[in-house]
Amino acid sequence: MLLSPLLEKLIEALRCLPGVGPKTAQRMALQLLERNRENGKKLADILHVAMQQIAHCASCRNFSESDLCRLCSSANRDPALLCILENPIDLFAVEQMGSYRGRYFILMGHLSPLDGIGPEDLGIKQLSAQLAMGTVQEVILATNPTVEGEATAHYISGLIKHHHRHIKITRIAHGVPLGGELEYIDSGTLAHAFAGREII
């Protein structure tokens with residue numbers, strides 16, 4: 001079936017979304033055109049405004065429409081605690097937990113020399129400048145438990161130990177999930193859990 005050039009462009013544009021292949025993009029485009037034109041127009045409008053107005057928070061680097069995001073401008077957050085995350089989606093996960101009341105710093109990725117991502121791409125200078133202000137007493141490294149995430153945590157930890165010795169550095173625990181059964185845990189996760197065991 002030959003599609004109109006504009007429809008082909010719409011399908012191709014929708015493919016930029018994660019997990020959206022050619023068939024899914026085609027279904028989305030046809031759904032919007034056949035049954036949902038009003039919502040399609042609303043989506044186009046809000047997407048245009050979001051691309052124009054959403055930038056990065058000057059403090060934590062999360063997405064924000066103002067210089068400081070709501071979390072960084074809140075007086076209810078503890079400035080002595082700083083949680084370092086790889087991506088904004090990780091912030092949503094930590095906030096859903098409901099018990100962390102500190103501030104954040106989002107790297108927007110992890111160290112990956114093969115992909116050409118170095119410390120300057122992760123805002124390390126900005127992080128170092130924040131730590132130099134002297135309000136942070138503990139840094140919680142909450143990068144993902146991947147090879148790249150661990151390398152990033154190790155790099156940041158070394159940087160803090162070298163330049164900001166007064167700051168306590170902690171790493172989130174990894175291992176057996178609550179309610180998990182050992183027979184279903186992979187050997188790498190189990191080894192990590194055994195290495196990080198605690199006295200009770």
Side-chain angles (χ1 to χ4, degrees), residues 3-79 81-112 115-130 133 136 139-144 146 148-149 152-153 156 172:
L3 302 174
S4 78
L6 195 53
L7 181 53
E8 283 184 358
K9 283 182 181 177
L10 174 59
I11 292 167
E12 193 56 39
L14 289 168
R15 288 189 62 194
C16 77
L17 297 169
V20 177
K23 288 284 185 192
T24 303
Q26 193 177 58
R27 279 195 297 275
M28 287 173 150
L30 294 175
Q31 171 69 21
L32 288 170
L33 292 170
E34 287 175 16
R35 297 189 181 93
N36 228 336
R37 283 190 182 239
E38 279 309 306
N39 281 340
K41 288 175 186 173
K42 190 191 290 185
L43 174 64
D45 291 342
I46 205 73
L47 195 56
H48 178 73
V49 172
M51 293 299 121
Q52 296 292 321
Q53 296 182 15
I54 296 176
H56 293 282
C57 172
S59 180
C60 72
R61 301 181 78 215
N62 192 16
F63 293 116
S64 177
E65 296 156 57
S66 52
D67 284 343
L68 286 180
C69 70
R70 289 181 185 175
L71 293 174
C72 289
S73 58
S74 171
N76 297 325
R77 307 303 292 208
D78 183 357
L81 278 176
L82 186 69
C83 179
I84 298 179
L85 302 165
E86 286 186 28
N87 298 297
I89 195 82
D90 301 331
L91 185 146
F92 295 139
V94 175
E95 281 297 298
Q96 271 186 328
M97 180 177 62
S99 59
Y100 177 71
R101 302 304 306 158
R103 299 247 167 106
Y104 295 96
F105 188 85
I106 301 173
L107 301 169
M108 295 293 175
H110 51 246
L111 290 174
S112 181
D115 297 319
I117 301 171
E120 62 283 350
D121 301 305
L122 303 180
I124 299 299
K125 281 185 183 174
Q126 187 181 343
L127 172 62
S128 199
Q130 268 194 43
M133 288 164 57
V136 176
V139 166
I140 303 165
L141 294 169
T143 55
N144 292 318
T146 60
E148 295 87 356
T152 305
I156 294 170
I172 59 167

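A 4.5 Å side-chain heavy-atom check between Arg15 and Pro22 finds at least one atom pair inside the cut-off. By the 4.5 Å heavy-atom criterion applied to side chains, Ile106 and Phe63 are not counted as neighbours. The side-chain heavy atoms of Ile117 and Leu111, taken from C-beta on, include no pair separated by under 4.5 Å. Taking the side chain as every heavy atom from C-beta outward, Lys42 and Ile46 never approach each other to under 4.5 Å.
Around the CG atom of Leu47, the shell of radius 6.0 Å holds more than 12 heavy atoms that belong to other residues, nucleotides or ligands. Atom CE of Met133 sits in a sparse spot, with 12 or fewer heavy atoms from other residues, nucleotides or ligands closer than 6.0 Å. No more than 12 heavy atoms of other residues, nucleotides or ligands lie within 6.0 Å of CG in Asp67, so this atom counts as exposed by the packing criterion.
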- Item | Residues Leu107, Leu85; criterion side chain to side chain contact (heavy atoms under 4.5 Å, CB included); working and verdict | CA-CA 6 Å; Leu107 301 169; Leu85 302 165; over 6 Å; no

- Message: Between Gln130 and Ser59, is the side chain to side chain contact (heavy atoms under 4.5 Å, CB included) condition met? List the steps.
- Response: CA-CA 8 Å; Gln130 268 194 43; Ser59 180; 3.6 Å; yes

- Query: After noting the C-alpha distance and the side-chain angles of Leu7 and Leu30, does the key distance pass the side chain to side chain contact (heavy atoms under 4.5 Å, CB included) rule?
  - Reply: CA-CA 9 Å; Leu7 181 53; Leu30 294 175; 4.1 Å; yes

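Arg61 places a side-chain N or O within donor-acceptor distance of the main-chain N or O of Leu122, the cut-off being under 3.5 Å. At least one donor-acceptor pair under 3.5 Å links the side chain of Thr146 to the backbone N or O of Gly149. In this structure a side-chain-to-backbone donor-acceptor pair under 3.5 Å is missing from Arg101 to Arg77. The closest donor-acceptor contact from the side chain of Ser73 to the backbone of Cys69 lies under 3.5 Å. Not a single donor-acceptor pair under 3.5 Å links the side chain of Tyr104 to the backbone N or O of Leu71. Using a distance-only test at 3.5 Å, with no hydrogens or angles considered, a donor-acceptor pair links the side chain of Glu86 to the main chain of Asn144. Distance alone, capped at 3.5 Å, places no donor-acceptor pair between the Ser74 side chain and the Arg70 backbone.
When all heavy atoms are compared, the tightest approach of Gly116 to Asp121 is O-OD2, 3.4 Å. When every heavy atom of Gly109 is checked against every heavy atom of Asn87, the shortest pair comes out as N-OD1, 3.7 Å. Summarising the geometry of Ile84 relative to Leu127, their closest heavy-atom pair is CD1-CD2, 3.7 Å, with the distance given to 0.1 Å. Taking both residues in full, the closest heavy atoms of Pro88 and Asn62 are given as CB-OD1, 3.5 Å, listed atom of the first, atom of the second, then distance. For the pair Val20 and Ala25, the tightest heavy-atom approach, listed with the atom from each and the gap, is CG1-N, 3.6 Å. In plain terms, the two heavy atoms of Arg37 and Leu33 that are nearest each other are NE-O, 2.9 Å.
With sequence neighbours excluded, no residue satisfies ring pair (Phe, Tyr, Trp, His ring centres under 6.0 Å) with Phe105. In this view, Asp45 satisfies the side-chain contact (heavy atoms from CB on, under 4.5 Å) rule with no residue, not counting sequence neighbours.
Summarising the geometry, atom CG belonging to Asp78 is positioned 12.5 Å from atom SG belonging to Cys83; distances are rounded to the nearest 0.5 Å.
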